[in-house]
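Quick one: structure below, then a few questions.
These figures come from a predicted structure and were not determined experimentally.
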Amino acid sequence: MAEFFSDTAYRRLPVAIKDLPDQERDVFIMLRMRRAESFIALRLGISLSLTREMIGRVQETLIKSGALDLIQDPVFYQLDHPRINNELDSRPFELSSHEMDVADRLELERFYGALEKSIGQLSKRSRRLLSLWYNKEMTAKEILNFYKKLGVCAREGKPIEQTTVQDIFYALEKIIQNLLEIVRTNLKQDGIELTRPALKTILSETGV
């Protein structure tokens with residue numbers, strides 16, 4: 001379901017997840033983004049019970065491949081947890097991200113909603129450059145050659161014939177900073193704990 005996520009997000013799926021059906025791959029990506037069950041069901045247009053079945057299959061696949069930590073926090077063991085009938089394998093006390101606090105889930109959904117809205121507020125030129133970098137995974141040199149073939153300016157105010165690879169990096173950094181400010185405005189939180197490196201990581205993970 002490429003309309004949901006970028007090609008980059010699908011290319012970066014773990015090997016075990018790549019073998020799953022399309023919808024379950026989408027479920028993994030949304031679990032990776034810490035989306036709630038209700039959100040996943042709504043996005044896929046399926047029932048909550050079917051969504052839970054898919055989540056279960058994704059979790060089982062990750063457990064078998066030893067990669068459950070990609071979507072779920074580690075299990076914590078109490079060192080002083082009492083044994084049952086003197087058995088060594090008594091059930092540990094577990095804390096998992098699957099049981100994420102409702103308030104935290106809402107904050108995450110609010111953030112990703114603001115990010116999606118903010119990207120939409122960028123100019124077409126800015127979105128194109130971000131897409132070439134994060135979705136198509138082109139290098140700065142490849143992007144520059146691409147723009148030269150199109151005869152389109154890559155950096156505002158500078159003819160494409162005079163544009164260099166450094167100009168591509170400069171334009172990308174400027175767009176990232178602009179996007180960061182738009183996200184903060186849309187979240188209406190001054191001084192939000194979101195840095196430029198963190199935003200870059202999120203875009204690398206999810207695409208544009």
Side-chain angles (χ1 to χ4, degrees), residues 1-15 17-18 22 25-35 39-40 43 67 69-71 104 106-208:
M1 295 192 174
E3 70 269 24
F4 286 167
F5 306 105
S6 69
D7 291 339
T8 303
Y10 292 107
R11 283 198 298 272
R12 292 177 177 172
L13 290 172
V15 175
I17 296 298
K18 286 182 178 179
D22 290 345
R25 289 189 294 164
D26 288 333
V27 167
F28 168 79
I29 295 174
M30 285 186 272
L31 289 173
R32 186 91 167 105
M33 297 165 66
R34 296 301 196 264
R35 296 293 195 177
F39 177 92
I40 297 174
R43 193 71 184 268
D69 61 307
L70 291 175
I71 63 169
D104 291 338
L106 291 175
E107 280 302 306
L108 280 172
E109 291 187 17
R110 181 167 171 260
F111 168 75
Y112 280 108
L115 178 59
E116 184 176 2
K117 177 182 177 182
S118 300
I119 291 173
Q121 290 178 257
L122 292 173
S123 67
K124 183 178 180 180
R125 177 187 296 177
S126 296
R127 292 198 304 272
R128 177 194 292 154
L129 186 53
L130 286 181
S131 179
L132 292 175
W133 182 261
Y134 288 107
N135 296 354
K136 303 300 182 183
E137 296 182 303
M138 295 171 66
T139 65
K141 185 176 181 179
E142 289 172 336
I143 292 174
L144 178 58
N145 291 334
F146 175 77
Y147 275 99
K148 284 183 176 180
K149 288 180 181 179
L150 291 180
V152 176
C153 293
R155 179 175 173 180
E156 190 174 357
K158 192 168 186 178
I160 187 60
E161 296 80 11
Q162 301 174 16
T163 304
T164 66
V165 168
Q166 285 304 117
D167 289 316
I168 299 297
F169 286 117
Y170 175 85
L172 282 167
E173 289 299 323
K174 188 174 181 180
I175 294 169
I176 291 293
Q177 183 59 41
N178 184 30
L179 178 59
L180 181 63
E181 293 170 1
I182 296 173
V183 172
R184 286 173 171 170
T185 298
N186 286 333
L187 285 172
K188 295 182 175 60
Q189 289 184 10
D190 295 331
I192 184 172
E193 294 297 326
L194 179 63
T195 63
R196 201 160 37 172
L199 181 56
K200 288 180 179 180
T201 300
I202 292 169
L203 291 175
S204 295
E205 185 85 17
T206 63
V208 179

Using the side-chain contact (heavy atoms from CB on, under 4.5 Å) rule, take Y10 and I29 through it: C-alpha gap first, then chi angles, then the decisive distance, then the call.
CA-CA 8 Å; Y10 292 107; I29 295 174; 3.9 Å; yes
Can you list everything that forms a salt bridge (charged side-chain N to carboxylate O under 4.0 Å, His left out) with E181? Sequence neighbours excluded, please.
none
Can you list the residues that meet the side-chain hydrogen bond (donor to acceptor under 3.5 Å, both in side chains) rule with E116, with sequence neighbours excluded?
none
What residues form a side chain to side chain contact (heavy atoms under 4.5 Å, CB included) with Q162, not counting sequence neighbours?
K158, P159
Run R128 and V152 through side-chain contact (heavy atoms from CB on, under 4.5 Å) and show every step you take.
CA-CA 12 Å; R128 177 194 292 154; V152 176; 3.8 Å; yes
Pairs touching residues 143-152 that satisfy side-chain hydrogen bond (donor to acceptor under 3.5 Å, both in side chains), sequence neighbours left out:
none
Reported CZ-to-CE distance for the pair F146 and M138, which is rounded to 0.5 angstrom:
6.0 Å
Under the rule for side-chain hydrogen bond (donor to acceptor under 3.5 Å, both in side chains), what residues qualify as partners of R11, not counting sequence neighbours?
T8, E137
Identify the heavy atoms of M33 and Y112 that sit nearest to each other, and give their distance.
O-CE1, 3.3 Å
dist L187:CG -> L115:CG (nearest 0.5 Å) comes out at 9.0 Å
Any residue meeting salt bridge (charged side-chain N to carboxylate O under 4.0 Å, His left out) with R32, in chain and number order, not counting sequence neighbours:
E205
Rounding to 0.5 Å, atoms CD1 (I175) and CD1 (I119) come to a distance of 11.5 Å
Measure the shortest side-chain to side-chain distance between T139 and V165 over non-hydrogen atoms and say whether it is less than 4.5 angstrom.
no
I'd like to check the salt bridge (charged side-chain N to carboxylate O under 4.0 Å, His left out) partners of R196; sequence neighbours left out, ordered by chain and number.
E173
Side chains of L144 and D167, heavy atoms from C-beta outward: is any pair under 4.5 Å?
no
Is K18 atom NZ crowded by more than 12 heavy atoms from other residues, nucleotides or ligands, each under 6.0 Å away?
yes
Atom OG1 in T185, atom NZ in K117: separation rounded to 0.5 Å?
10.0 Å
Could you give the side-chain donor-acceptor pairs of residues 129-136 under 3.5 Å, partners two or more places apart or in another chain?
{"residue": "S131", "atom": "OG", "partner": "N135", "partner atom": "ND2", "Å": "3.3"}
{"residue": "N135", "atom": "OD1", "partner": "V208", "partner atom": "N", "Å": "2.9"}
{"residue": "N135", "atom": "ND2", "partner": "V208", "partner atom": "O", "Å": "3.4"}

For S118, side-chain hydrogen bond (donor to acceptor under 3.5 Å, both in side chains) partners two or more places apart:
N186
Atom CD1 in I182, atom CG in L122: separation rounded to 0.5 Å?
4.5 Å
Is there side-chain contact between Q177 and L180, with heavy atoms separated by less than 4.5 Å?
yes
Are the side chains of I160 and L150 in touch, meaning some heavy atoms are under 4.5 Å apart?
no
When rounded to the nearest 0.5 angstrom, what is the spacing between CZ in R35 and CD1 in I71?
15.0 Å
Do L31 and L70 touch side chain to side chain, with heavy atoms closer than 4.5 Å?
no
